[in-house]
J.: 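Sharing a structure, written as structure tokens. Questions coming.
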Amino acid sequence: MGKPRFLYVPFWLTYVFLYAPILVLVVMSFNAGRSPYVYEGFSLKWYGVLAEDDKIMQGLVNTLIVAAASTVLATVLGTLLAVGLARHTRSKLLDALGLMPAILPDLVLAIGLLVFYDVVKFSLGLHSVILSHALFGMAFVAAVVRTRLTHADSSLEEASRDLGAGPVTTFVRVTLPQLAPGIVAGALLAFTLSIDEFVIAFFTAAPTEPTLPIVIYSMVRFGVTPEINALASILLLVSFTVVIVAQRMTKIGEIRAQD
């Protein structure tokens, strides 16, 4: 006997609640008119306007620089942190501290970083945002890679050491290949989080080098326009694509581990 159909109503209503605003935003980004609330016909002109806006383009360049650099740092440090916590420690306190940036409110982490930079006299700029996003993303990379480690065969590492391979050789030739899907998934997640992140960047960036979310915030304060809708639609597409790829890489890793 199948489940009553009315039980699916809350399920679909939840999805409508989540994605209806996003759908409206995307549709209005193709609006021929200036009004963000009245649809006046299909047009791609607002996407062309984006390409001609120097402020938006500079914000995009800054965001890509920050996202790329912070992802590299977060991936390297997060992977090493995950391996260290899983293979070389058995401390729940260290586990909690290692993953703390992922669960702390962004505002608390941002204020803490700003105070720290001020205490150590560290100037603000893209470099400070890169370090801040690397700290933020590192915890997520560590969580993803550590999940992958639970499916890795530790006996292969033991066999490598028994055959005379050193710790570095074992890590590079045995551990890393097993963790590759998780590392890629974690890196993609860190990249997505960095592109979309606003609060930490707002507190730790220099006024002369804003990231794209900060530029969008400065534009939204004067009202939502189809130009902003077009920009948000592009960011949504990038975010959805990266998240789907990350999930796919994680799934591939789990299948390989089972085989």
Side-chain angles (χ1 to χ4, degrees), residues 15-75 106 110 126 129-130 132-134 136-137 140-141 184-250:
Y15 270 89
V16 170
F17 177 76
L18 287 174
Y19 291 103
I22 296 176
L23 179 61
V24 171
L25 181 147
V26 173
V27 170
M28 296 304 294
S29 72
F30 297 103
N31 186 15
R34 182 71 185 178
S35 173
Y37 309 109
V38 180
Y39 188 77
E40 301 178 18
F42 181 84
S43 175
L44 295 172
K45 70 177 182 178
W46 299 112
Y47 289 89
V49 171
L50 286 178
E52 299 174 358
D53 192 318
D54 293 335
K55 188 176 181 180
I56 289 178
M57 288 298 101
Q58 186 58 52
L60 176 61
V61 170
N62 290 341
T63 293
L64 291 177
I65 292 173
V66 169
S70 64
T71 296
V72 172
L73 288 174
T75 302
D106 287 0
L126 290 184
V129 184
I130 289 172
S132 302
H133 279 194
F136 177 66
F140 288 92
V141 174
V184 173
L188 291 174
L189 180 58
F191 185 82
T192 303
L193 292 172
S194 179
I195 286 180
D196 296 337
E197 205 285 320
F198 167 75
V199 176
I200 295 176
F202 184 79
F203 277 83
T204 60
T208 56
E209 296 178 307
T211 59
L212 191 55
I214 297 176
V215 173
I216 295 175
Y217 172 73
S218 66
M219 295 170 63
V220 170
R221 286 187 300 170
F222 301 102
V224 179
T225 66
E227 181 182 358
I228 297 176
N229 289 339
L231 182 56
S233 298
I234 293 174
L235 291 177
L236 282 170
L237 177 62
V238 173
S239 298
F240 276 129
T241 302
V242 174
V243 169
I244 290 172
V245 172
Q247 289 179 336
R248 182 59 181 168
M249 293 300 300
T250 303

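Predicted model only: the values in this text are computed from it and were never measured.
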J.: Would you give me the side-chain donor-acceptor pairs under 3.5 Å for residues 22-29, sequence neighbours excluded?
T.:
residue, atom, partner, partner atom, Å
Ser29, OG, Val26, O, 2.5
Ser29, OG, Tyr47, OH, 2.8
Ser29, OG, Ser233, OG, 3.4

J.: Quick check on Phe198: does its CZ atom have over 12 non-hydrogen neighbours (other residues, nucleotides or ligands) under 6.0 Å away?
T.: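 Result for CZ/Phe198: enclosed.
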J.: What residues form a side-chain hydrogen bond (donor to acceptor under 3.5 Å, both in side chains) with Asp196, not counting sequence neighbours?
T.: Ser239
J.: Go through the structure and list residues passing side-chain contact (heavy atoms from CB on, under 4.5 Å) with Ile195, not counting sequence neighbours.
T.: Thr63, Ala67, Phe191, Leu235, Val238
J.: With sequence neighbours excluded, what pairs up with Ala69 under the side-chain contact (heavy atoms from CB on, under 4.5 Å) test?
T.: Ile130
J.: Kindly write out the residues that satisfy ring pair (Phe, Tyr, Trp, His ring centres under 6.0 Å) with Phe136, not counting sequence neighbours, or none if the list is empty.
T.: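 Residues passing ring pair (Phe, Tyr, Trp, His ring centres under 6.0 Å) with Phe136: Phe140.
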J.: Within the structure provided, determine whether Val49 and Trp46 are in side-chain contact (heavy-atom separation under 4.5 Å).
T.: yes
J.: Who passes side-chain hydrogen bond (donor to acceptor under 3.5 Å, both in side chains) against Glu40, sequence neighbours left out?
T.: none
J.: Please report the closest heavy-atom contact between Ala134 and Ala74, naming both atoms and the distance.
T.: O-CB, 3.6 Å
J.: About how many Å separate CD1 of Ile56 and CG of Leu50, when rounded to the nearest 0.5 Å?
T.: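 One gets 5.0 Å once the value is rounded to the nearest 0.5 Å.
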J.: Can you tell me how far apart CD (Gln58) and CG (Asp53) are? Round to the nearest 0.5 Å.
T.: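 Here the rounded value is 11.5 Å.
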J.: Going from CD1 on Ile228 to OH on Tyr217, what distance comes out if it is rounded to the nearest 0.5 angstrom?
T.: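 Rounded to the nearest 0.5 Å, the CD1-OH separation comes out at 12.5 Å.
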J.: Just how far is it from atom CG of Asn31 to atom NZ of Lys45, taken to the nearest 0.5 Å?
T.: 8.0 Å
J.: Using the test ring pair (Phe, Tyr, Trp, His ring centres under 6.0 Å), find all partners of Phe42 that sit at least two apart in sequence or belong to another chain.
T.: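 Only Phe30 meet the ring pair (Phe, Tyr, Trp, His ring centres under 6.0 Å) criterion with Phe42.
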J.: Which heavy-atom pair separates Ala190 from Thr71 by the least distance, and what is that distance?
T.: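 Taking Ala190 first and Thr71 second, the nearest heavy atoms are C-OG1, 3.9 Å.
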J.: As an exercise, state the distance from CD1 of Ile244 to OG1 of Thr192, rounded to the nearest 0.5 Å.
T.: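 These two atoms lie 10.5 Å from each other.
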J.: Apply side-chain contact (heavy atoms from CB on, under 4.5 Å) to Val72 and list each qualifying residue two or more places apart in sequence or on a separate chain.
T.: none
J.: Taking only residues two or more places apart in sequence or in another chain, which ones pass ring pair (Phe, Tyr, Trp, His ring centres under 6.0 Å) with Tyr39?
T.: none
J.: Identify, with sequence neighbours excluded, every residue that meets side-chain contact (heavy atoms from CB on, under 4.5 Å) alongside Leu60.
T.: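 For Leu60, the residues satisfying side-chain contact (heavy atoms from CB on, under 4.5 Å) (neighbours in sequence not counted) are Met57, Leu64, Leu212.
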J.: With sequence neighbours excluded, give me every side-chain hydrogen bond (donor to acceptor under 3.5 Å, both in side chains) pair touching residues 198-212.
T.: none
J.: Do Glu197 and Asp106 have side-chain heavy atoms sitting under 4.5 Å apart?
T.: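 With C-beta onward as the side chain, the pair touches.
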J.: So do Val129 and Asn62 actually touch side chain to side chain, heavy atoms under 4.5 Å?
T.: no
